[in-house]
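Shown next, in structure tokens, is the structure this report addresses.
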Amino acid sequence: VGMAWMTVSQEIAAHGLWLIRITRAFLRDIIRANGLHRLEAVVLDDNTRNQQWLSVMGFVWEGGVAHGYLPDKRAVRRYELVEGMSTWPM
């Protein structure tokens, strides 16, 4: 099981297609190199843009909200990408 983390600046928006391609390639490399069968990611509950990004990358919302998940007590949504799913990048 791997935990996916990513931080980017607003300037990357002009390079969306490139970012999608390079991120998918990176995920494939990480999965292969580490023998992963599952990736997880979390996103702030009120951040719809990043929720959409995870969906584009093939992650699926697990449902529900993890309240008080972060040290500052903000809530997150948990996403998963599991081997065997139609969105699995391998």
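Along the sequence shown, residues carry numbers from 1.
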In this structure, would [X] and [Y] fall into the same cluster of hydrophobic residues linked by side-chain contacts under 4.5 Å?
X     : Y     : result
Met3  : Val82 : no
Val1  : Met57 : no
Ile22 : Ile20 : yes
Leu81 : Val56 : yes

Reported [atom1]-to-[atom2] distance for the pair [X] and [Y], which is rounded to 0.5 angstrom:
X     : Y     : atom1 : atom2 : value
Thr23 : Trp18 : OG1   : CH2   : 7.0 Å
Phe26 : Leu19 : CZ    : CG    : 12.0 Å
Trp53 : Asn47 : CH2   : CG    : 13.0 Å

For the residue pair [X] and [Y], what are the closest heavy atoms and their distance?
X     : Y     : answer
Leu36 : Trp88 : O-CZ2, 3.6 Å
Arg77 : Asp45 : NE-OD1, 2.8 Å
Leu39 : Ile31 : CD1-CD1, 3.9 Å
Thr87 : Gly58 : OG1-O, 2.7 Å

Q.
How about CZ on Arg24, more than 12 heavy atoms from neighbouring residues, nucleotides or ligands closer than 6.0 Å, or not?
A. yes

Q: List the steps and the verdict of side chain to side chain contact (heavy atoms under 4.5 Å, CB included) for Val42 and Leu70.
A: CA-CA 10 Å; Val42 297; Leu70 297 176; 5.5 Å; no

**Q.** Pairs meeting criterion side chain to side chain donor-acceptor pair (under 3.5 Å) with involvement of residues 59-69, two or more places apart
**A.** Arg38-Glu62, Glu62-Arg78

